[in-house]
Amino acid sequence: MGGRSALWPFYTCVMPELPEVETVVRGLEKHARGDVIESVWIGEKRDLLKSAPEEIAELLTGARIGGVRRMGKHIVVDLAMPENGEARGQWIVHLGMTGKLTVCRPDVDVEKHTHVVARLESGREIRFVDPRRFGKTWVHRSEAGFATGGLEPLEVDLPTFASFFRRRKTPIKSALLNQKLLRGIGNIYADESLFRAGVRPRRSAASLTMDELRRLHGAVREVLTEAIAAGGSSISDYVGADGERGFFQMEHRVYGREGQPCLHCGTPIKRIVVAGRGTHYCRVCQR
DNA sequence: AGGTTGACCTGGACGC
DNA sequence: TGCGTCCAGGTCAACC
């Protein structure tokens, strides 16, 4: 971990999976929790909004940020009544592929593709920016709180993990990406986990042996934990920063390394398409 | 019903 | 230089 090796391609774009979302959540917890939303600006693009803009503005305006949590790739901002701390509802943000949710000072230039700005009592602003608009945001009133399927990959035990895959014919990579089973794993960490577990991405999920499932369970935990640790270094710079610092500090062993030597055996990394996604693996180390 | 595919989006890379 | 084309992938609808 640490610096990016010269072997790696230079990524300019951030793909938010569980560790990146966790980093954003920790940044918001640190720099926005307890603050009160004074006013809300919502842009013209409606395809990102799953609640009416008036509803979002109404629920957010005047609310205190009681806490910020992650559920899979969803960011859950718990809103409270400022006077008594009573639950008021939740502001949900999904970053899609290119979304960013940052806390910044108001004098920082407003980026192109900024869709929501929440101005806080402290003077800071929470900004939701998403060029590609695969992201989504909406609100829930407290009586109908946000719920999502799937279990947290860092919390699930081995027997439950194994039970998800035992009877599935779909490729193991597709199953790892299925948010109704495990929530938060995306394309990059699916490839990285399968490499560390030594399992080929196209293998049918049901074909994995108990030993392979045990290795995969461990690999998923290891990869996500390392990535969160790498992202953690960006939190102190979160205010006013572009929010991207730290996201790609973890070295990828297979993702984006087509044709480059496997770090374990030297065989060129292969790239195939699984579940419509670019998929990278070592044909020698993964069976 | 589980599994698979394409649509949604924009910016960047690439070819001519 | 500039234009057209392709590709990236999270999620969901619409198929088989």
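One can place CE of M71(A) at 14 Å from P of dT11(C), the figure rounded to the nearest angstrom. Note: NZ (K180(A)) to P (dG10(C)) measures 15 Å, nearest angstrom. Rounded to whole Å, atom P of dG10(C) lies 15 Å from atom CZ of R70(A). The interatomic distance linking H94(A) (NE2) with dC12(C) (P) rounds to 8 Å, in whole Å. Distance, K100(A) NZ to dT10(B) P: 17 Å, rounded to whole Å. Nucleotide dG10(C) holds its P atom 8 Å from the CE atom of M15(A), rounded to whole Å. Rounded to a whole Å, the CZ atom of F164(A) is 16 Å from the C1' atom of dG2(B). Separating the CG atom of N178(A) from the C1' atom of dA1(B) is a distance of 13 Å, rounded to the nearest angstrom.
Checked by atom type and distance alone, the side chain of S193(A) pairs as donor or acceptor with a backbone atom of Y189(A) at under 3.5 Å. A donor-acceptor pair under 3.5 Å links the side-chain atoms of R46(A) to the main chain of G43(A), judged by distance alone.
Side-chain N/O atoms of Q179(A) include one lying less than 4.0 angstrom from OP1 or OP2 on dT11(C). A sub-4.0 Å separation between OP1 or OP2 of dG11(B) and a side-chain N or O of H113(A) is present. At dC12(C), none of the side-chain N or O atoms of K136(A) fall inside 4.0 Å of OP1 or OP2 (strictly under the cut-off).
The residue K112(A) sits close only to the backbone: its heavy atoms come under 4.0 Å of sugar-phosphate atoms, none of a base. Nucleic acid contact class of G135(A) (heavy atoms, under 4.0 Å, all strands): none. G276(A) comes within 4.0 angstrom of no nucleic acid atom, judged by non-hydrogen atoms across all strands.
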Between L216(A) and I172(A), does a side chain to side chain contact (heavy atoms under 4.5 Å, CB included) hold up when you go through it step by step? CA-CA 10 Å; L216(A) 186 57; I172(A) 183 62; 3.8 Å; yes
Please test Q179(A) against T148(A) for side chain to side chain contact (heavy atoms under 4.5 Å, CB included), starting from the C-alpha separation and ending with a verdict. CA-CA 9 Å; Q179(A) 304 292 300; T148(A) 181; over 6 Å; no
In sequence, state the C-alpha distance, the side-chain angles, and the governing distance for F195(A) and R257(A), and then conclude on side chain to side chain contact (heavy atoms under 4.5 Å, CB included). CA-CA 12 Å; F195(A) 174 75; R257(A) 297 197 60 233; over 6 Å; no
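When the shell of 6.0 Å around CZ of R167(A) is examined, it contains 12 or fewer heavy atoms from other residues, nucleotides or ligands. Atom CZ of R215(A) has more than 12 neighbouring heavy atoms from other residues, nucleotides or ligands inside a 6.0 Å radius.
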Between the protein and nucleotides 6-9 of chain B, are there any N/O to N/O pairs under 3.5 Å, and if so, what are the atom names and distances?
| unit_1 | atom_1 | unit_2 | atom_2 | d |
| --- | --- | --- | --- | --- |
| dC9(B) | O3' | R133(A) | NH1 | 3.4 |
| dC9(B) | O2 | R132(A) | NE | 2.6 |

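Nearest to the side chain of N187(A), among dA8(C), dG10(C), dT11(C), sits dG10(C).
The base-pairing partner of dG15(B), taking Watson-Crick or G-U wobble contacts with both distances under 3.5 Å, is dC3(C).
Looking only at side-chain heavy atoms (C-beta outward), R141(A) and L59(A) come within less than 4.5 Å of each other. For the pair T279(A)/K173(A), a side-chain contact is recorded, criterion being any heavy-atom separation below 4.5 Å from C-beta on.
Aromatic rings from H115(A) and W41(A) are positioned such that their centres are separated by 6.0 Å or more.
Proximity of residues 166-174 of chain A to DNA chain B (heavy atom under 4.0 angstrom from any strand atom) is restricted to R168(A), K169(A), T170(A), P171(A).
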